[in-house]
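Here is the structure we will look at, set down as structure tokens.
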Amino acid sequence: MRALLAAAGVVVDHPGSPRVLDGLDLTLIAGRRLALLGANGAGKSTLLRCLSGALRPSSGAVLVDGEPLRHDRRGLARHRQTVQLVLQDPDDQIVASEVRHDVAYGPTNLGLDAAEVATRVDHALDALGIADLARRPVHHLSFGQRKRVALAGAVAMAPRVLLLDEPTAGLDPAGTVALLETIEVLEARGVTVALSTHDLDLAWRWADEVAVLVGGRAVVGDPGVLLADDDLLRQAALASPWQARVLRAAGAAIPTPRPRDAEDVVAALGIRESAIG
Amino acid sequence: MRALLAAAGVVVDHPGSPRVLDGLDLTLIAGRRLALLGANGAGKSTLLRCLSGALRPSSGAVLVDGEPLRHDRRGLARHRQTVQLVLQDPDDQIVASEVRHDVAYGPTNLGLDAAEVATRVDHALDALGIADLARRPVHHLSFGQRKRVALAGAVAMAPRVLLLDEPTAGLDPAGTVALLETIEVLEARGVTVALSTHDLDLAWRWADEVAVLVGGRAVVGDPGVLLADDDLLRQAALASPWQARVLRAAGAAIPTPRPRDAEDVVAALGIRESAIG
Amino acid sequence: MHIAEGFLPPLHAAAWTAAAVPFVAHGVREIKRTTATHPESKLLLGAVGAYSFVLSAIKLPSVTGSSSHPTGTGEGAILFRPPVMAALGSVVLLFQALLLAHGGLTTLGANIMSMAVAGPWAGYGVYRLLRFAPWSVAIFCAVAVADLATYVMTSTQLALAFPDPQGGFLASWERFLGLFALTQIPLAIVEGLVGVLLMNALRSW
Amino acid sequence: MAGLSLDDTAWTNRWRHRSVAEKSVLSLGLLLVAVTARTPVTGLLVVVVATAVACLGARIPVGTWVRVLLAPASFVLLGVVGIAVTLTPSSTAGSSAAEVWWTGGPFAVTAVSAAQAGETAVRAIAGASAVMLLACTTPMPYLLGALSRVPGFATLAEIGGVVYRMLFGLLHAQARVRESQAARLGFRTPSVARRSIGLLAATTLVRAWTGARRLEEGLAGRAPAGVPFGAPATDALRWAFVVPAAVVVLATGVVGWFA
């Protein structure tokens, strides 16, 4: 249980409006999947921007390996080789007009030599399964393809932590499946992944741990517990995922490990085919 | 069963790429909810733009009350008062900087007098539940609020058909619920609503009829049938909704009417609390 | 550099406003002609105006460490031709005066003359003159010259308004030019380099 | 979305819905007084009147108003240095030493140049406060709406409306792109930063362009291409406001000019 990245008492104020984050604590453990949940405007993106170093909290600290992040040139430069954030809209992140040039942007800025940059780009494109797009102009790509290019650009920075803001928003079911496979590839390479999402079903199936944002703070815990906690979800303006709803409707408790797909749910209900009339 | 709006053999070609729509037939019946399903790039938005008159098909026709739409100034002007399309990104559709002024844009250009325009605007804002935003500048609003403004702009045209392109994309669960309530209000006023979506769960719960886009054509039918048809869904790069998956896993048939929420599913499984160990 | 509200004596302000009118009117006529045949170009022109405003909010990393903003006049003139820039530029300058408190209404005419007329025409002229030179060289020179021309114009306006009690207009002009040259020559070079990168990037989109 | 504080004030103050003409009488009248003033007293009087009207009439918070004025004021003070500092008068010119306040090499500050600088500073700050009165109380679309009713300005005003509509989205997008460039160390060295700025400027232009194209398609379903986008209407002009406003302006002028 190694605390890789943490927020400690993070406060974000915008003058004249209510506090977005109000003393938020959160810890990312190496190798553990964290899903960040919350309604629109609950502060998910703000938190991710704080963790990535893009936004400096009004007070509180971001810790990397237990050390507070210093928001000076050196501190941020080091932080960005540890943590990379992938935004919801890939167009906010793609700066070059050709795929491989965009993916090479970060490594080039690191001052790596051309051969090393090329290797990083190839590895990143491979991990995302888009090696065939390398020489394509970005504006000819579909939304899903552009999302992968943005992700490749972050992966090419070789971070230890990848933060994904609403990575499945706008993707079709096949795109979501492909994204989850990509995350597994990255995890196998030692990257720790955290994501924010509206999709409670995704959080239930994917996460080891969920953080529900309510009133500027995070309630952190096991998905099987928190996502069945109606009081918490009502406060957060969320709803429980279908797995929890079905078990509840049948009056069944949520077993451990929690049932993730339809087969598991049916098994948890203790139904055999013969039992049905 | 009145055919309100239809696509007859609609073909859309972009030179140099495969046909987006390839002889597509589809009929919207007055008062029936249609959900348009398909993977990214399957042609959902293209079809909606054809139906709204914004895009002229390479061949085939769009029929309104059985009459083919003529793409001249007069024909389009009439069509706009029958069919309105709301795009996925509200910023592609909002032209004025103040909410009430934007909603008034369409009615004003219909040549209505100022009093009639004001009435239309008030009604539309009411239907969307955003009367309190009337005098707010658009750039102060959240994404969900801007979505409602775009929708109000379409509603103010008093169309008989509303086409919604991915209306729940980017909305949180509460936003989705509010949208569905709004749709009911509009239906009660006699508007026929069709929407495109990636969200199979939404299609299963909401639609009277689904159209699955595969290979540039539409397979149209009952949600309970089509969304449990694995062959079709595989071809369309979609997956069945959880309700169908749970029933399948339990070896149960899908009853008519299909079970929409967790309680219905549990009832369809024939479980009583006592049955669980 | 925008001349602030009220900075110029009233007669100067009025004279520069009068001088700007024909240029802006020319631009407006050009725009009206375009929008009459292509109504959708209103949106495109609006987008370009918004872009110019936003561009002037980009902080340019300068050689000296202090930051400054690109004028964008050269790039605009190459892309959209000077008359259109005169009209669009005056809209953008009005926006800057009222949304950023940058520039002013009485000095709008003077600022239009330097930023929406002198800069674009000088840059466009250089670009046309160098059309047989390598493309990047032409862009660099056009953007840098546009930038410098803007500042020469501003210096002239200030020197005319505030002649040196001893040396008169010329002494004052030299002084204002010298004052700006310190910061503006390096900045013009930076903007020229960025301009080449921008136009190259645009060509590849 | 990204905001501009002046713009936010314009949308939220108590005078937002007042007729643009009403507020123009006051603001532009004071501006006229400010720039034609012959003594600094007039200028100071304009600042006081504009401040009183903004804070007491339009109920703009004093802190906001001071911040609004601070930007142009600091700009002006920096600018007048170039006027105050002049060439050292040669002894043959016959200036007495008393008129030279400070010398440094070829440069000097003389009584004449300092007076000119002071006069300019007061005029500029007074002018700025008069214009900010309009800028703080009137959202840009309302101003453009008024402008569109002036013959010859309709097209420019309409394009201005589109500029305004697209401005905030573009500012937001640009801030986001810059942030993600920084995340990939795009501003590590000056040469890297220059390249990043070039790319940023290019992507922003592409965004503006595609935004315009998409808006064109989106609006096609709402009205025929080319119809005017229209302008928001403000309240009708009220003489109950215009007359006192004119009186305040005239009084400021009269007191300033003849006092």
Side-chain angles (χ1 to χ4, degrees), chain C residues 4-7 10 13 25 28 31-32 35 39-40 42-51 53-55 57-58 60-61 63 70 87-88 90-92 94-95 97-102 104-106 158 162 164-167 171-172 175-176 179 190 193-198 200-202 205, chain D residues 4 6-7 31 34-36 68 71-72 75-76 79 82-83 86-87 89-90 93 110 112-113 116 120 123-124 126-128 131-132 135 140 143 155-156 158-160 162-163 165-167 170-171 174 187 190 193-195 197-202 204-206 208-209 211-212 215-216 225-226:
Chain C
E5 182 61 76
F7 207 83
V28 170
I31 285 177
K32 271 188 178 153
T35 53
E40 71 284 359
K42 276 191 290 195
L43 292 171
L44 192 60
L45 288 165
V48 172
Y51 172 70
F53 183 94
V54 169
L55 191 72
I58 294 184
L60 218 55
V63 184
L88 270 187
S90 47
V91 173
V92 173
L94 180 72
F95 271 58
L98 294 173
L99 290 179
L100 300 175
H102 217 94
L105 298 183
T106 61
L158 290 175
F162 306 105
D164 194 274
Q166 264 73 40
S172 178
R175 208 179 65 229
F176 280 114
L179 212 64
V190 171
L193 294 174
V194 168
V196 173
L197 289 165
L198 162 65
N200 265 323
L202 274 187
W205 277 95
Chain D
L4 302 167
L6 254 172
D7 179 68
L31 177 61
V35 296
T36 56
V68 160
F75 218 65
V76 164
I83 301 170
T86 175
L87 294 177
S90 55
T110 67
V112 179
S113 72
Q116 203 180 25
T120 305
R123 184 176 62 221
V131 172
M132 285 306 110
M140 186 58 98
L143 285 170
T155 310
L156 267 195
E158 204 182 350
I159 289 171
V162 181
V163 172
R165 172 70 193 102
M166 300 194 71
L167 193 61
L170 216 49
L171 273 175
Q174 178 178 284
F187 298 92
R194 273 201 299 278
R195 177 163 173 265
I197 297 276
L199 292 172
L200 173 63
T204 310
L205 182 53
V206 172
W209 228 306
L215 191 55
E216 179 202 331

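Sequence lines set the chain letters: A, B, ... in the order given, protein chains first and strands last, and positions in each chain run from 1.
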Contact summary for [X] and [Y], nearest pair of heavy atoms:
{"X": "D:Val68", "Y": "C:Ala101", "value": "O-CB, 4.5 Å"}
{"X": "D:Arg194", "Y": "C:Val194", "value": "O-CG2, 3.9 Å"}
{"X": "D:Arg123", "Y": "C:Gly6", "value": "NE-O, 2.8 Å"}
{"X": "D:Met140", "Y": "C:Leu99", "value": "CE-CG, 4.1 Å"}

Does any heavy atom of chain C fall under 4.5 Å from the side chain of [X], the backbone, both, or neither of them?
{"X": "D:Glu216", "answer": "both"}
{"X": "D:Leu167", "answer": "both"}
{"X": "D:Met166", "answer": "both"}
{"X": "D:Ala34", "answer": "neither"}
{"X": "D:Val35", "answer": "both"}

Chain D heavy atoms under 4.5 Å from [X]: which part of the residue, side chain, backbone, both or neither?
{"X": "C:Val54", "result": "both"}
{"X": "C:Phe95", "result": "both"}
{"X": "C:Leu158", "result": "neither"}
{"X": "C:Ala4", "result": "side chain"}
{"X": "C:Leu98", "result": "both"}
{"X": "C:Ala97", "result": "backbone"}

So, taking the atom named CG in D:Leu215 and the one named CG in C:Leu44, what distance separates them when rounded to the nearest 0.5 Å?
11.0 Å

At what distance, to the nearest 0.5 angstrom, does CG of C:Leu193 lie from CD1 of D:Ile197?
12.5 Å

Please confirm whether the backbone N or O of D:Gly82 pairs with a side-chain atom of C:Arg175, one donor and one acceptor, at under 3.5 Å?
yes

Counting N and O atoms only, with roles assigned by atom type, does the side chain of C:Tyr51 sit under 3.5 Å from a partner on the main chain of D:Val206, one being a donor and the other an acceptor?
no

Quick one: of C:Leu197, C:Leu43, C:Val28, who has the most non-hydrogen atom pairs under 4.5 Å with chain D?
C:Leu43

If you count heavy-atom pairs under 4.5 Å with chain C, which of D:Leu31, D:Leu205, D:Leu6, D:Leu156 comes out on top?
D:Leu205

Counting heavy-atom pairs closer than 4.5 Å to chain C, which one of D:Ser113, D:Ala212, D:Gly226, D:Ala124 comes out on top?
D:Ala124

I'd like to check C:Leu88 versus D:Ile159 (side-chain heavy atoms, cut-off strictly below 4.5 Å). Are they in contact?
yes

